[in-house]
Chemist: 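I am attaching a structure below and will ask some questions about it afterwards.
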Amino acid sequence: MEDDTRFGTLQRALFTRPAPKSARAQIRFLRKRERGSTRRVAERLGVSRKTVQRYLAGVSTKPNKRLQEALVKETESEWQPQVKAQARQYASTSGGFTIKFRASLGFTANGSSDDARVRDLSIAVSAFHTKAILTLREEGATDQALHDAVAKAYFRLGGGSRASLQVRFTDVQWLDIGF
């Protein structure tokens with residue numbers, strides 16, 4: 001769930017067409033990706049082969065919550081992976097991205113401190129920091145490591161003497177990433 005709140009918007013922004021929405025269309029798409037194997041689709045979704053066949057035939061139309069979540073997850077993970085990879089490559093080499101968030105943010109430097117307080121911010125992140133954040137994300141970094149990377153991106157804007165700051169980025173209420 002946390003993955004969806006922080007990076008879901010980024011992932012969906014990379015699609016050139018919307019992913020299939022109905023359960024039948026999602027199962028058809030997954031069957032195509034599995035080269036026609038209903039058995040492999042059933043294994044991916046954690047259901048029986050017969051269940052997959054019922055949705056393909058249109059006999060069943062409304063999946064239970066667990067199956068719906070699995071369908072969304074599996075469909076979006078397969079949907080236009082090359083387009084997503086190209087967009088990530090562009091963002092990390094020249095484009096960068098924008099991060100909007102509400103979180104408690106503070107820092108200390110040279111013996112003084114700016115106490116942490118809740119801030120609503122929108123920042124343009126450089127390609128360098130974008131690459132670092134995406135790399136951490138792909139390596140399965142913890143939320144805290146990702147928060148630290150976002151904080152560094154914010155406080156390193158413009159460089160200069162801010163490089164020595166010790167940043168505190170906590171109590172993230174929401175975080176949205178876009179291009």
Side-chain angles (χ1 to χ4, degrees), residues 1-92 95-104 118-123 125 130-131 133-150 169-179:
M1 182 180 130
E2 289 182 0
D3 184 59
D4 290 338
T5 56
R6 288 177 178 79
F7 292 96
T9 301
L10 169 65
Q11 294 295 323
R12 282 184 284 284
L14 301 176
F15 302 147
T16 58
R17 296 178 301 159
K21 297 294 180 207
S22 73
R24 185 177 186 187
Q26 290 169 327
I27 289 178
R28 276 185 176 152
F29 169 74
L30 292 171
R31 183 180 64 174
K32 185 176 179 182
R33 299 298 288 182
E34 293 292 347
R35 298 186 184 111
S37 173
T38 54
R39 180 185 55 79
R40 286 196 297 268
V41 171
E43 288 171 0
R44 285 178 72 171
L45 298 174
V47 297
S48 70
R49 187 175 182 179
K50 191 75 170 165
T51 298
V52 170
Q53 292 169 342
R54 281 194 299 265
Y55 280 97
L56 287 170
V59 175
S60 295
T61 57
K62 297 202 180 223
N64 63 33
K65 185 177 180 178
R66 190 199 59 73
L67 177 56
Q68 182 61 42
E69 289 172 356
L71 281 168
V72 169
K73 178 183 172 207
E74 292 297 326
T75 302
E76 287 190 358
S77 73
E78 294 280 337
W79 193 248
Q80 299 180 344
Q82 296 83 11
V83 173
K84 292 190 280 186
Q86 288 170 356
R88 284 188 192 114
Q89 179 65 26
Y90 174 76
S92 64
F97 54 52
T98 302
I99 299 177
K100 297 177 183 180
F101 61 86
R102 174 179 291 152
S104 179
V118 174
R119 305 171 194 226
D120 286 334
L121 293 172
S122 177
I123 59 173
V125 179
T130 295
K131 184 175 184 178
I133 292 168
L134 290 175
T135 300
L136 283 170
R137 163 93 166 80
E138 289 167 6
E139 292 173 351
T142 64
D143 283 347
Q144 188 57 52
L146 290 167
H147 294 171
D148 292 345
V150 170
F169 184 72
T170 58
D171 302 325
V172 177
Q173 295 174 14
W174 56 266
L175 188 142
D176 189 28
I177 296 176
F179 289 88

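Because the structure is predicted, anything quoted here is derived from the model rather than measured.
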Chemist: Taking only residues two or more places apart in sequence or in another chain, which ones pass salt bridge (charged side-chain N to carboxylate O under 4.0 Å, His left out) with E78?
Modeler: R33, R44
Chemist: With ring pair (Phe, Tyr, Trp, His ring centres under 6.0 Å) as the rule and sequence neighbours excluded, what pairs involving residues 19-51 come up?
Modeler: F29-W79
Chemist: Find the distance between CD (E69) and CG (L71) and round it off to the nearest 0.5 Å.
Modeler: 10.5 Å
Chemist: How many angstroms lie between CD in Q68 and NZ in K73, if you round to the nearest 0.5 Å?
Modeler: 14.0 Å
Chemist: With sequence neighbours excluded, tell me which residues meet salt bridge (charged side-chain N to carboxylate O under 4.0 Å, His left out) with R66.
Modeler: none
Chemist: Could you work out, with side chain to side chain donor-acceptor pair (under 3.5 Å) as the rule, every residue matching N64, not counting sequence neighbours?
Modeler: none
Chemist: Between V72 and Q26, is there a side-chain heavy-atom distance shorter than 4.5 Å?
Modeler: yes
Chemist: Using side-chain contact (heavy atoms from CB on, under 4.5 Å) as the criterion, list what pairs up with K50, not counting sequence neighbours.
Modeler: S48, Q53, R54
Chemist: Holding to salt bridge (charged side-chain N to carboxylate O under 4.0 Å, His left out), I want the full list of residues that pass it with R39, two or more places apart in sequence or in another chain.
Modeler: E43
Chemist: Which distance, rounded to the nearest 0.5 Å, do you find between the CD1 of I123 and the CD1 of I99?
Modeler: 5.0 Å
Chemist: Please give me the minimum heavy-atom distance between A149 and L136, naming the atom from each residue.
Modeler: CB-CD1, 3.6 Å
Chemist: CD1/I27 to CG/L67 distance, rounded to the nearest 0.5 angstrom?
Modeler: 6.0 Å
Chemist: Listed by chain and number, what are the side-chain contact (heavy atoms from CB on, under 4.5 Å) partners of Q173, not counting sequence neighbours?
Modeler: R102, V118
Chemist: For T170, which residues count as a side chain to side chain donor-acceptor pair (under 3.5 Å) partner, sequence neighbours excluded?
Modeler: none
Chemist: With side chains defined as the heavy atoms from C-beta onward, is the minimum distance between R24 and T61 less than 4.5 Å?
Modeler: no
Chemist: List in chain and number order the residues that pass side-chain contact (heavy atoms from CB on, under 4.5 Å) with A70, two or more places apart in sequence or in another chain; answer none if no residue qualifies.
Modeler: L45
Chemist: Taking side chain to side chain donor-acceptor pair (under 3.5 Å) as the definition, give me every residue that meets it alongside S60, ordered by chain and number, with sequence neighbours left out.
Modeler: none
Chemist: To the nearest 0.5 Å, what is the distance between OG1 (T98) and CG (L121)?
Modeler: 12.5 Å
Chemist: Looking at every non-hydrogen atom in both residues, tell me the closest pair between K100 and S122 and how far apart they are.
Modeler: CG-OG, 3.5 Å
Chemist: Checking D148 now: which residues fulfil side chain to side chain donor-acceptor pair (under 3.5 Å) with it, not counting sequence neighbours?
Modeler: Q144
Chemist: Go through the structure and list residues passing salt bridge (charged side-chain N to carboxylate O under 4.0 Å, His left out) with E138, not counting sequence neighbours.
Modeler: R88
Chemist: Hey, could you give me the OG1/CG distance between T75 and L30, rounded to the nearest 0.5 Å?
Modeler: 4.0 Å
